[in-house]
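The structure appears right after this line, and notes come after that.
If you read the sequence from its start, that first residue is 1, and numbering goes on from there. In each ligand, atom 1 is the first atom listed, and ligand 1 is the first ligand listed.
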Amino acid sequence: MSIDIGGMRIRYKDKDDTFLETHLVSKEPFGQFKAWFEEACSKKEILEPNAMCLATVSKEGYPSARFVLCKGYGKDGYKFFTNYESRKAKEMAENQNVAATFYWEILNRSVRIEGYVEKLSDEESTTYFHSRPVPSQIAACASYQSTPIESRDILCDREGKLEAEYMIPHKEVPRPSYWGGYIIRPRAVEFWQGQKRSPA
Ligand SMILES: Cc1cc2nc3c(=O)[nH]c(=O)nc-3n(C[C@H](O)[C@H](O)[C@H](O)COP(=O)(O)O)c2cc1C
């Protein structure tokens, strides 16, 4: 049985509201992304404007998608950090091609990126790792992403041991070799602007 949700729709404004090419801030993707991203950051309703859905493809050609947080962008690409032993990392090791999508609902905007990933240098990953709050550094060490764990107690125990070892002043949590960053080098960037919603 399939639940029919075909009637779910919202009203959009009419064609007066159309987004035109002349509304683009820049015809070069970095400038346009920066303008839209900064506007998304200015909206208090958007709690994580840097959340992007990242799609990877397995060796056998099966796609999978999940959200990650973009932690830097520029003309050279979009950066994010993760566990190098996670499912996504294994897939990216086998197939560099990825796609990512940002969606800012209240702005009726989405940005789609298609490109390929490269690992960030150890140095850059380490610098970013140590810029995170210490509990997040510990969580990254304790978590074996994408791997089933026997129980929550085992995970909490692992985290507790690391906290006892590292939650003391002037002690640095070493970045685990299995944690670091990537950059998506874009081949294509699409900017999508929908019409504003009708108040009625
Ligand atoms: C809003 C949001 C942000 C997330 N950010 C990250 C991130 O930056 N890095 C990360 O590894 N996982 C992040 N996650 C968790 C991933 O979506 C995912 O569950 C995890 O990375 C395991 O994915 P995988 O098994 O496909 O590798 C985030 C989840 C959400 C909902």
> How many angstroms lie between CG in Asn83 and NZ in Lys88, if you round to the nearest 0.5 Å?
Replying inline: 7.0 Å
> With a 4.0 Å cut-off, would you call Lys161 and Glu165 a salt bridge?
Replying inline: no
> Listed by chain and number, what are the ring pair (Phe, Tyr, Trp, His ring centres under 6.0 Å) partners of Tyr182, not counting sequence neighbours?
Replying inline: Phe80, Tyr84
> Can you list, by chain and residue number, every protein residue with a non-hydrogen atom closer than 4.0 Å to ligand 1?
Replying inline: Glu48, Arg66, Phe67, Val68, Leu69, Phe81, Thr82, Ser86, Arg87, Lys88, Gln145, Ser146
> Looking at residues at least two apart in the chain, or sitting in another chain, which of them share a ring pair (Phe, Tyr, Trp, His ring centres under 6.0 Å) with Phe129?
Replying inline: Trp179
> By ring pair (Phe, Tyr, Trp, His ring centres under 6.0 Å), which residues pair with Phe191, not counting sequence neighbours?
Replying inline: Trp36
>> Between the side chains of Glu94 and Lys90, is the shortest nitrogen-to-carboxylate-oxygen separation below 4.0 Å, so that they form an ion pair?
In response: no
